[in-house]
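Nothing fancy with the numbering, it's 1 onward along the sequence. Fair warning: this is a prediction, and the values are worked out from it, not measured in the lab.
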Amino acid sequence: MKILVLSDSHSHLGFMRRSIKAVKPDALVHLGDYWEDAEKVHREFPQLRMYCVGGNCDRYQSMQRLPEVVYPRIGGVQFFLTHGHLFGAKMTTGPMETEARSMGAQVLLYGHTHHADCRQEGSMWVVNPGTCQADSIGSCALIEAENGEVRSCRILRKTDLEEMP
């Protein structure tokens with residue numbers, strides 16, 4: 001199963017659409033800051049399973065409130081999804097990692113910093129897709145899961161998307 005992870009779109013839908021078309025994911029995760037962007041692209045790609053959390057900017061963008069932390073099981077893998085602002089993500093990932101581990105997460109997904117990060121901390125993946133805000137600096141994460149395990153996890157940038165078949 002291919003899981004495309006996006007964050008911090010801030011009304012820039014071009015990179016989101018380009019990512020979906022290139023990756024052809026089975027599921028889409030949007031980690032906030034204009035989660036309504038995810039709803040817009042979901043209407044264009046309704047076959048995608050979609051998972052979203054609200055970010056700090058979403059409080060001002062919409063009357064609807066999304067949960068700011070969710071714990072979905074996607075492709076048999078336990079995820080911990082948050083935008084990151086509630087956990088001080090711009091300073092450290094420590095509190096998020098602790099909370100995610102306490103929930104039995106195999107993958108911690110967060111945004112907020114606009115800086116892509118994909119690393120394994122012990123048995124847990126810690127992933128920030130960066131921002132899809134601009135084509136020139138845009139990035140996303142691609143996680144491939146099979147039989148309840150993460151098979152691969154990587155950050156994709158514009159040039160990576162262009163090289164995909």
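- Closest of all the heavy-atom pairs between His30 and Ser9 is NE2-OG, 2.9 Å.
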Could you list the donor-acceptor pairs under 3.5 angstrom formed by side chains in residues 47-55, with sequence neighbours left out?
none

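- Residues Ile20 and Pro25 have side chains in contact (heavy-atom distance under 4.5 Å, counting atoms from C-beta outward).
- With hydrogens and angles ignored, the 3.5 Å screen pairs a side-chain donor or acceptor of Gln78 with a backbone N or O of Tyr71.
- Members clustered with Met91: none, using a 4.5 Å side-chain heavy-atom cutoff among hydrophobic residues.
- Under the 4.5 Å side-chain criterion, counting only non-hydrogen atoms from C-beta, Leu86 is not in contact with Glu99.
- Note on Ile155: it does not cluster hydrophobically with Val107, by side-chain heavy-atom contacts below 4.5 Å among ILVMFWY residues.
- Heavy-atom minimum distance, Phe80 versus Met96: CE2-O, 4.5 Å.
- The pair Arg101-Glu97 counts as a salt bridge, with a side-chain nitrogen and a carboxylate oxygen less than 4.0 angstrom apart.
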Exercise for the section: Tell me, with the steps shown, if Cys140 and Cys132 meet side chain to side chain contact (heavy atoms under 4.5 Å, CB included). Expected result: CA-CA 7 Å; Cys140 59; Cys132 49; 5.9 Å; no

Can you list, pair by pair, the side-chain donor-acceptor contacts under 3.5 Å of residues 123-131, counting residues two or more places apart and other chains?
residue : atom : partner : partner atom : Å
Asn128  : OD1  : Gly130  : N            : 2.8
Asn128  : ND2  : Gly111  : O            : 3.2
Asn128  : ND2  : Thr113  : OG1          : 2.9
Asn128  : ND2  : His115  : O            : 3.4
Thr131  : OG1  : Asp8    : O            : 2.7
Thr131  : OG1  : Gln133  : N            : 2.9

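- Using modelled atom types, one side-chain atom of Lys2 and one backbone atom of Val23 make a donor-acceptor pair closer than 3.5 Å.
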Practice task
With side chain to side chain contact (heavy atoms under 4.5 Å, CB included) as the test, would you mind laying out the steps for Met16 and Glu44 before giving the verdict?
Solution key: CA-CA 11 Å; Met16 294 177 73; Glu44 296 173 39; over 6 Å; no

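- Residues His83 and Ser7 have side chains in contact (heavy-atom distance under 4.5 Å, counting atoms from C-beta outward).
- Distance alone, capped at 3.5 Å, places no donor-acceptor pair between the Glu68 side chain and the His85 backbone.
- Both Ile74 and Leu109 belong to a single network of hydrophobic side chains, linked directly or stepwise wherever heavy atoms of I, L, V, M, F, W or Y lie under 4.5 Å apart.
- In the hydrophobic clustering of ILVMFWY residues, with side-chain heavy atoms under 4.5 Å counting as a link, Phe45 and Ile143 come out apart.
- For Arg154, the CZ atom counts as loosely surrounded, since its 6.0 Å shell holds 12 or fewer non-hydrogen atoms of other residues, nucleotides or ligands.
- Tracing side-chain contacts under 4.5 Å through hydrophobic residues (I, L, V, M, F, W, Y), one reaches Phe15 starting from Leu142; they form part of the same cluster.
- With hydrogens and angles disregarded, no donor-acceptor distance shorter than 3.5 Å links the side chain of Ser11 to the backbone of Asp37.
- One hydrophobic cluster holds both Leu31 and Val150 under the rule that ILVMFWY side chains link at heavy-atom gaps under 4.5 Å.
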Problem - Working for side chain to side chain contact (heavy atoms under 4.5 Å, CB included), residues Val69 and Phe87 - result: CA-CA 10 Å; Val69 178; Phe87 296 92; 3.9 Å; yes

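- Minimum heavy-atom separation, Gly76 to Arg73: O-NH2, 3.3 Å.
- Closest heavy-atom contact between Phe79 and Val77: CD1-O, 3.2 Å.
- Asp160 contributes atom CG, which lies 8.0 Å from atom CZ of Arg157 (distance to the nearest 0.5 angstrom).
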